[in-house]
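All figures in this text were calculated on a predicted structure; none of them were measured in a lab.
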Amino acid sequence: MQTMVAMDVGKYSGKTLTEVITEASINKRIEELAAKISTDYQGKTPIIIGVLNGSVFFLSDLVRKLSIPCEIDFIKVSSYYGDTKSSGTVRLIKDVSCLINGKDIIIVEDIIDSGLTAKFLKHRFEQNEPASLEFVSLLTKPEVMSLNWSPKYVGFEMDSQFLVGYGLDIDQKLRNLPSIWALQD
Ligand code: IMP
Ligand code: MG
């Protein structure tokens, strides 16, 4: 099955795909993250906010493993980068519908790379005075170190390769691969 996916994808882009995180590893790590969040937020009802489009699978798997009540909402942003990945601008495409003030907010990202998107979201949500604000990212890349804070919950710390699958895309494709693959020339 995995070979078939890799061969199909190879034809699409002419690039090599190597599976780097299996479905089983993703599931296991999400169980651990959900257990930690459920403990940390005991007695609370956080609003779990997914950053579209990449976080949809991660969010849906994560919230179904929580043992605490929660609300779900979504925000969509798009990033334009200048000369470096950390110097760019982020534009709001779709805002959340919930009220943030006084609520416990957990923002769910597929990957934090330069941290530009996370920085924008943190600033934007903090302006609305939540009771608390934390990030959970399935993946981070080393460049996340350019943030002067770290996401509280991280699934896997990756090195600087381009990744696809389980929400991560190349030109909006391959998000629906059930595991995570590195794409190489
Ligand atoms: P940022 O650089 O932390 O602002 O990340 C911006 C966005 O870039 C992420 O939300 C992803 O959509 C995308 N991105 C970063 N690295 C990868 C990757 O390896 N594969 C696919 N998308 C990525
Ligand atoms: Mg994304």
Side-chain angles (χ1 to χ4, degrees), residues 1-30 33-34 48-65 72-96 106-122 124 135-147 151 153-185:
M1 183 61 179
Q2 285 170 5
T3 312
M4 202 177 85
V5 171
M7 282 169 61
D8 286 349
V9 172
K11 276 183 230 156
Y12 158 76
S13 65
K15 292 181 178 178
T16 309
L17 278 169
T18 312
E19 190 178 42
V20 288
I21 313 178
T22 62
E23 271 188 88
S25 307
I26 295 170
N27 287 336
K28 183 169 173 289
R29 189 70 186 115
I30 293 177
L33 290 172
I48 316 284
I49 298 179
V51 183
L52 294 171
N53 296 334
S55 72
V56 282
F57 304 116
F58 177 39
L59 181 141
S60 70
D61 285 340
L62 181 71
V63 295
R64 285 178 294 166
K65 292 185 168 84
I72 294 168
D73 207 333
F74 292 95
I75 190 166
K76 183 164 183 163
V77 293
S78 98
S79 322
Y80 296 94
Y81 295 99
D83 291 345
T84 70
K85 277 202 289 181
S86 55
S87 71
T89 53
V90 180
R91 192 163 60 98
L92 182 72
I93 308 285
K94 178 220 167 295
D95 206 351
V96 293
I106 303 176
I107 299 179
V108 183
E109 291 247 44
D110 51 354
I111 188 165
I112 302 182
D113 182 4
S114 69
L116 184 72
T117 310
K119 198 170 148 190
F120 170 89
L121 292 169
K122 187 173 193 287
R124 187 175 171 85
F135 282 73
V136 49
S137 187
L138 181 65
L139 309 173
T140 57
K141 291 218 189 143
E143 290 82 351
V144 74
M145 299 307 286
S146 71
L147 286 174
Y153 308 98
V154 173
F156 302 91
E157 291 178 8
M158 310 301 288
D159 53 27
S160 292
Q161 48 193 342
F162 193 81
L163 304 164
V164 293
Y166 198 70
L168 295 156
D169 72 298
I170 176 156
D171 300 332
Q172 299 302 325
K173 313 290 192 309
L174 305 185
R175 290 193 199 274
N176 58 323
L177 293 177
S179 57
I180 295 172
W181 300 69
L183 193 64
Q184 285 128 352
D185 287 325

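- Note that the CZ atom of F135 and the NZ atom of K122 stand 7.5 Å from one another [nearest 0.5 Å].
- The closest side-chain heavy-atom distance from V77 to R91 is not below 4.5 Å.
- Expressed to the nearest 0.5 Å, how far NZ of K141 lies from CG of D159 amounts to 9.0 Å.
- F57 is not listed as a side-chain neighbour of I26, based on a closest heavy-atom distance of 4.5 Å or more.
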Check against side-chain contact (heavy atoms from CB on, under 4.5 Å), N53 and R175
CA-CA 9 Å; N53 296 334; R175 290 193 199 274; 3.7 Å; yes
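- D169 and F162 get closest at one heavy-atom pair: O-CZ, 3.5 Å.
- Screening V154, D113, L168, V20 for a side-chain contact (heavy atoms from CB on, under 4.5 Å) involving L139 leaves a single residue, L168.
- In this structure, I21 and F156 have side chains that are in contact, with non-hydrogen atoms separated by less than 4.5 Å.
- Residue I93 holds its CD1 atom at 4.0 Å from OG of S78, rounded to the nearest 0.5 Å.
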Stepwise side-chain contact (heavy atoms from CB on, under 4.5 Å) check, T140 with M158:
CA-CA 6 Å; T140 57; M158 310 301 288; over 6 Å; no
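- A donor atom on one side chain and an acceptor atom on the other are not found under 3.5 Å apart for Y166 and D110.
- Taking 4.0 Å as the cut-off between side-chain N and carboxylate O, D95 and R124 count as a salt-bridged pair.
- K65 places a side-chain heavy atom less than 4.5 Å from the side chain of N27.
- If you check the side chains of S179 and T22, you find no donor sitting under 3.5 Å from an acceptor.
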Derivation and outcome, side-chain contact (heavy atoms from CB on, under 4.5 Å), residues L52 and I75:
CA-CA 6 Å; L52 294 171; I75 190 166; over 6 Å; no
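- The CD1 atom of I49 sits 9.0 Å away from the CG atom of L121 when rounded to the nearest 0.5 Å.
- Between the side chain of R64 and the backbone N or O of S60 there is at least one donor-acceptor pair closer than 3.5 Å.
- Annotation: the span from Q161 atom CD to T18 atom OG1 amounts to 8.0 Å, rounded to 0.5 Å.
- Atom CZ of F74 is separated from atom OG of S55 by 6.0 Å, given to the nearest 0.5 angstrom.
- Each of L59, I111, I107, I112 was scored for a side-chain contact (heavy atoms from CB on, under 4.5 Å) with V51, with one residue passing: I107.
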Verdict with supporting geometry, T16 and L183, side-chain contact (heavy atoms from CB on, under 4.5 Å):
CA-CA 6 Å; T16 309; L183 193 64; over 6 Å; no
